[in-house]
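Residue numbers begin at 1 in each chain, while the letters A, B, ... track the order of the sequences.
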2 protein chains.
Amino acid sequence: MSRTKARAALLQELEAAMRRSSAQGVLYGQTVANVAGIANSDLECMDILYLEGRVTAGRLAEVTGLTTGAITGVIDRLEKAGLVRRERDEKDRRKVFISVVPETAMKIGQLYVPMQQAMEKVFGAYSDEELRLLLRFANEGYKGVLAATEALKGLLDTPPEKRPALKLKKLRP
Amino acid sequence: MSRTKARAALLQELEAAMRRSSAQGVLYGQTVANVAGIANSDLECMDILYLEGRVTAGRLAEVTGLTTGAITGVIDRLEKAGLVRRERDEKDRRKVFISVVPETAMKIGQLYVPMQQAMEKVFGAYSDEELRLLLRFANEGYKGVLAATEALKGLLDTPPEKRPALKLKKLRP
DNA sequence: ATATATATCTTAGTCACTAAGAGATTTAGC
DNA sequence: GCTAAATCTCTTAGTGACTAAGATATATAT
């Protein structure tokens, strides 16, 4: 087998493996939501809140791609579950800040423990240098996928004759 | 900074980077579904059909975790869009095989081109040996996440006093 | 002071989903 | 063979999260 052919096979295998593991990652998240008894988007918002801290309802809509109406529903449910609190901004009383209730949200966090342990075990088998390679790849991969997403959205704005004949749907602006 | 502390920081950064790129991957998929004008689960089923070839409706339910009733809806929509065909098994007339219509499904495939190009570009910067490391990691990561998912589901079956106090919901059996 | 902009919420309607069970066919037990 | 149980898909009724559009409240600009 030629050198380049070996590489092509490697690339293909790599793509399949990444796809598989990525799909399983999504499934883990769905299982967390299921076990916690909350909707998928609700969990996504908890995630954002965890990463960004205190954010406004509008920001959640922006990041998740949901409408503000949908976000109202998300927050209602999370608030009822005691996972977050609404806090009106005293400076600008139109705004509503959402913040997690740490004591309750912690319980959700615990559902990620199996995942963290699994990852610790996997990472444990790699040297620092190897981990740096993985980190570089993860960062570059992120940028690549981000660019690809933009490119794909861009298809919608290209003249219709120039794109694959498909029933195309407008994305939310 | 101590050696182990450097590693801990590296691990944390790595986790964040993987999470970010994984999330963006999910977003790419959603965008594909959006642009194609089909539901997310519909696209997931197209994916499975692409990977496994001709499969039964029941198999789709199994793999996606949806009920058979939901799968009936998925197939109805995909069939109406001309993306798949229903074919009754002549050996066992209860079964319905679903197969993609290549000419139409190709158009969906094209929506993955931006992603493939982006990945080619990223992978291009790595040697064969580095790619093999990435492959090893992807495979081990998959196994790890799979195990974590099972462990998490397992929490549901452990005696209630022994698990985090959470409103737990039964998963579909 | 009035108009315009911004941030969240409300309402009505839609769509994919589940649970339960019906219909059609196959397999097993006698 | 014949009946009973099992298997596979589909149907039905009801639920819940979503969007679109506009209402409400507050802030900013002219």
Side-chain angles (χ1 to χ4, degrees), chain A residues 26-27 29-31 33-46 49 54-81 83-99 167 169-173, chain B residues 27 29-31 33-34 36-46 49 54-81 83-99 167 169-173:
Chain A
V26 172
L27 235 140
Q30 281 174 358
T31 308
N34 254 325
V35 172
I38 64 178
N40 229 298
S41 324
D42 298 13
L43 183 62
E44 194 192 342
C45 285
M46 289 299 293
L49 285 168
R54 194 162 167 266
V55 300
T56 64
R59 170 81 183 146
L60 283 180
E62 203 178 301
V63 176
T64 58
L66 296 176
T67 60
T68 60
I71 289 296
T72 299
V74 169
I75 301 170
D76 285 350
R77 291 189 298 270
L78 289 177
E79 198 174 35
K80 206 154 101 183
L83 291 166
V84 306
R85 245 191 299 271
R86 273 183 167 95
E87 289 161 7
R88 276 225 112 82
D89 186 355
E90 288 307 322
K91 305 281 178 190
D92 181 344
R93 301 192 41 75
R94 293 168 303 177
K95 288 188 189 167
V96 171
F97 276 107
I98 316 300
S99 59
K167 221 189 315 169
K169 211 176 140 188
K170 273 234 205 68
L171 293 170
R172 281 202 336 108
Chain B
L27 236 141
Q30 281 174 359
T31 308
N34 254 324
I38 63 179
N40 228 297
S41 324
D42 298 12
L43 183 62
E44 194 192 342
C45 285
M46 289 299 293
L49 286 168
R54 194 163 168 265
V55 299
T56 64
R59 171 80 184 146
L60 283 180
E62 203 180 301
V63 176
T64 58
L66 296 176
T67 60
T68 60
I71 289 296
T72 299
V74 169
I75 301 171
D76 284 350
R77 292 189 298 271
L78 289 177
E79 198 175 36
K80 205 154 103 183
L83 291 167
V84 306
R85 244 192 298 272
R86 272 184 168 95
E87 290 161 8
R88 276 225 112 81
D89 185 356
E90 288 308 321
K91 304 282 178 190
D92 181 343
R93 300 192 43 73
R94 290 167 305 177
K95 288 188 189 168
V96 171
F97 276 107
I98 316 300
S99 58
K167 220 189 318 167
K169 213 176 140 189
K170 274 232 206 70
L171 293 170
R172 279 203 335 107

Answer with base, sugar-phosphate or nothing: what part of the nucleic acid does R59(A) contact at a heavy-atom distance below 4.0 Å?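 Counting heavy atoms under 4.0 Å across all strands, no contact is made by R59(A).
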Describe the nucleic acid contact of A57(A) in one word from base, sugar-phosphate, nothing, applying a heavy-atom distance below 4.0 Å.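 Sugar-phosphate, no base atom in range.
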Gap between atoms [atom1] and [atom2], on [X] and [N] respectively (whole Å):
| X | N | atom1 | atom2 | value |
| --- | --- | --- | --- | --- |
| K95(B) | dA6(D) | NZ | P | 18 Å |
| L66(A) | dC9(C) | CG | P | 14 Å |
| D89(B) | dT25(C) | CG | C1' | 12 Å |
| I71(A) | dA20(D) | CD1 | C1' | 16 Å |
| R86(B) | dC8(D) | CZ | C1' | 13 Å |
| L60(B) | dC8(D) | CG | P | 14 Å |
| Q30(B) | dC18(D) | CD | P | 11 Å |
| L43(A) | dA17(D) | CG | C1' | 15 Å |

Does the dT6(C) base have a donor-acceptor partner in the side chain of R94(A) within less than 3.5 Å? yes
Is there a donor and acceptor pair closer than 3.5 Å between the side chain of T68(B) and the base of dC10(D)? yes
Picking from [options], which would you name as closest to the side chain of [X]?
| X | options | result |
| --- | --- | --- |
| V96(A) | dT19(D), dA16(C), dC9(C) | dC9(C) |
| R77(A) | dA19(C), dT19(D), dA17(D) | dA17(D) |
| A39(B) | dT18(C), dA16(C), dC9(C) | dA16(C) |
| V74(A) | dC18(D), dC17(C), dC9(C) | dC18(D) |

Inter-residue atom distance [X].[atom1] - [Y].[atom2], 0.5 Å rounding:
| X | Y | atom1 | atom2 | answer |
| --- | --- | --- | --- | --- |
| L27(B) | T64(A) | CG | OG1 | 10.0 Å |
| L66(A) | C45(A) | CG | SG | 6.5 Å |
| F97(A) | L49(A) | CZ | CG | 11.5 Å |

Is R88(A) reaching over with its side chain to a backbone N or O of R93(A), donor-acceptor style, under 3.5 angstrom?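 Present.
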When you match K91(B) and G73(B) each to their closest nucleotide on DNA chain C, which lands nearer the 5' end? G73(B)
Which atoms form the tightest heavy-atom contact between V55(B) and R59(B), and what is the distance? CB-CG, 3.9 Å
Looking only at side-chain N and O atoms, does S41(B) come under 4.0 Å of OP1 or OP2 in dC17(C)?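 So the side chain of S41(B) is within the cut-off, an N or O lying under 4.0 Å from OP1 or OP2 of dC17(C).
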